[in-house]
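The figures that follow rest on heavy atoms only: side chains count, while hydrogens, waters and symmetry mates do not. In this chain, numbering begins with 1 at the start of the sequence shown.
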Amino acid sequence: MPITILLADDHVMVRRGLHVFLKTQEDMKVIGEASNGQEALEQAQDLEPDVILMDLHMPVMDGIETARRLRNLLPHTRIIVLTSFSDQDHVVPAVRAGVKGYLLKDIEPEDLAVAIRNVHSGQVELHPAAASQLMHVMASMDMLSEASRVEGSSQEETLFQGSNQTVHQTSGPSERSNPSKLDEPGYSSRSNHSSHSWNSNPSSPPSDEGLNALTRREREVLGLIAQGLSNKEIAVRLVITEKTVKTHVSHLLDKLGLADRTQAALHAVRNGWEL
């Protein structure tokens, strides 16, 4: 039996190119196409494909929300994101939504075919740039988890020493190589760090250094950053535009003298802020 595939992308040329290539693969069959998330959701329920190749940025319903709904409706259908974005704001929400593959559109056709087969067989496929972002987030969560277990010790100070030091993993240039692979059990257990409590050390007295400089809205945004939400998710939660969220993030980073959102989350936890 061939691997049945549903294509979901708002660009006709992308879908057409994928369709033409996948027709050359004897063990694969494209059974449907969708131009937005809502269409993908409806066709997936009608066709029940083995694999969905889906873009993240689509009209009506984006890829992350579509993946989240499909995870509940069709748990046996595996979703592979095929996108142009490899930043943390896209990778982490997609992983949390339940996708089993995260690939960039510069992937070689042969590598895409291999990735589809691997995901269909139960593996998780990540482009190296996406894997780097995910590892960066997991490492940060491990640091926070360790700090919460060591109350007031010098080890905690070592982990968070120098809040002005950039907590950032520099990714190399995009690689046209086989995507990084993580098996599902390891992938799932590491993802559990996303539910980590951000009030890491309630027994130590909180420091209000810097916190008083933030507006109420900036505190709300910082609290949601600490929970791991993307700018888009924060915008939905606070009923504001994504552009406004970015402005708040920029302002709070400037006020706190920090370089990025990961630093901001770590700084909030280290100071025991209740946001």
- Query: Should Ile31 and Leu47 be marked as a side chain to side chain contact (heavy atoms under 4.5 Å, CB included) after you check the CA-CA gap, both sets of side-chain angles, and the distance that decides it?
  - Reply: CA-CA 7 Å; Ile31 59 174; Leu47 302 173; 3.8 Å; yes

- What's the verdict on side chain to side chain contact (heavy atoms under 4.5 Å, CB included) for Leu252 and Thr215, showing C-alpha distance, side-chain angles and the deciding distance? CA-CA 9 Å; Leu252 71 87; Thr215 65; over 6 Å; no

- Message: Is there a side chain to side chain contact (heavy atoms under 4.5 Å, CB included) between Val114 and Glu110? Walk through the geometry before answering.
- Response: CA-CA 6 Å; Val114 171; Glu110 293 78 12; 5.7 Å; no

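Of all the heavy atoms in Phe85 and Tyr102, the pair that sits closest is O-OH, 2.6 Å. Closest non-hydrogen pair, Ala113 versus Phe21, comes out as CB-CZ, 4.1 Å. The nearest pair of heavy atoms linking Glu48 to Thr77 is C-OG1, 4.5 Å. For the pair Ser86 and Val91, the tightest heavy-atom approach, listed with the atom from each and the gap, is O-CG2, 3.6 Å. Summarising the geometry of Ile3 relative to Ile116, their closest heavy-atom pair is CG2-CG2, 4.3 Å, with the distance given to 0.1 Å.
In this structure, the side-chain contact (heavy atoms from CB on, under 4.5 Å) partners of Gln45, at least two apart in sequence or on a different chain, are Leu41, Leu73. For the side-chain contact (heavy atoms from CB on, under 4.5 Å) test, residues two or more places apart in sequence or in another chain that qualify with Leu224 are Gln227, Leu229, Ile234, Arg237, Leu238.
Salt-bridge check for Asp9 with Lys105: passed, with a basic side-chain N closer than 4.0 Å to an acidic carboxylate O. Contact check on Arg117 versus Glu26 returns no salt bridge, with no Lys/Arg side-chain nitrogen under 4.0 Å from an Asp/Glu carboxylate oxygen.
Rounding to the nearest 0.5 angstrom, the gap separating the CG atom in Asp89 from the CG atom in Asn231 is 4.5 Å. Distance check: Asp111 CG to Leu103 CG gives 9.0 Å after rounding to the nearest 0.5 Å. Taking CD of Glu218 as the start and NZ of Lys255 as the end, the distance is 3.5 Å to the nearest 0.5 Å. With rounding to the nearest 0.5 Å, the separation of CG in Asp27 from NE2 in His120 is 9.5 Å. To the nearest 0.5 angstrom, Leu18 atom CG is 6.0 Å from Leu82 atom CG. Atom CZ of Arg78 is separated from atom CD1 of Ile5 by 14.0 Å, given to the nearest 0.5 angstrom.
Using modelled atom types and a 3.5 Å distance limit, the side chains of Ser250 and Thr247 yield no donor-acceptor pair.
A 4.5 Å side-chain heavy-atom check between Arg219 and Asn212 finds at least one atom pair inside the cut-off. Residues Thr4 and Val51 are not in side-chain contact: their nearest non-hydrogen atoms beyond the backbone lie 4.5 Å or more apart. Taking 4.5 Å as the limit, some side-chain heavy atom of Val99 sits within range of a side-chain heavy atom of Ile79. At least one side-chain heavy atom of Leu70 sits under 4.5 Å from a side-chain heavy atom of Ile52. Side-chain contact between Ile240 and Val245: present, with at least one pair of heavy atoms (C-beta onward) separated by less than 4.5 Å. Taking 4.5 Å as the limit, some side-chain heavy atom of Leu104 sits within range of a side-chain heavy atom of Thr83. The shortest distance between side-chain heavy atoms of Ser35 and Arg15 falls below 4.5 Å. Side-chain contact between Met1 and Asp50 is absent, with no heavy atoms from C-beta onward closer than 4.5 Å.
A donor-acceptor contact shorter than 3.5 Å is absent between the side chain of His11 and the backbone of Met13. Gln43 contributes no side-chain N or O that, together with a main-chain N or O of Ala40, makes up a donor-acceptor pair within less than 3.5 Å.
Counting non-hydrogen atoms of other residues, nucleotides and ligands closer than 6.0 Å to NE2 of His19 gives a total above 12.
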Would you tabulate the side-chain donor-acceptor contacts of residues 53-64 under 3.5 Å, counting partners in other chains and residues two or more places apart, or write 'none'?
from	atom 1	to	atom 2	distance (Å)
His57	NE2	His90	NE2	2.8
Asp62	OD1	Ile64	N	3.2
Asp62	OD1	Glu65	N	2.8
Asp62	OD2	Lys232	NZ	2.9

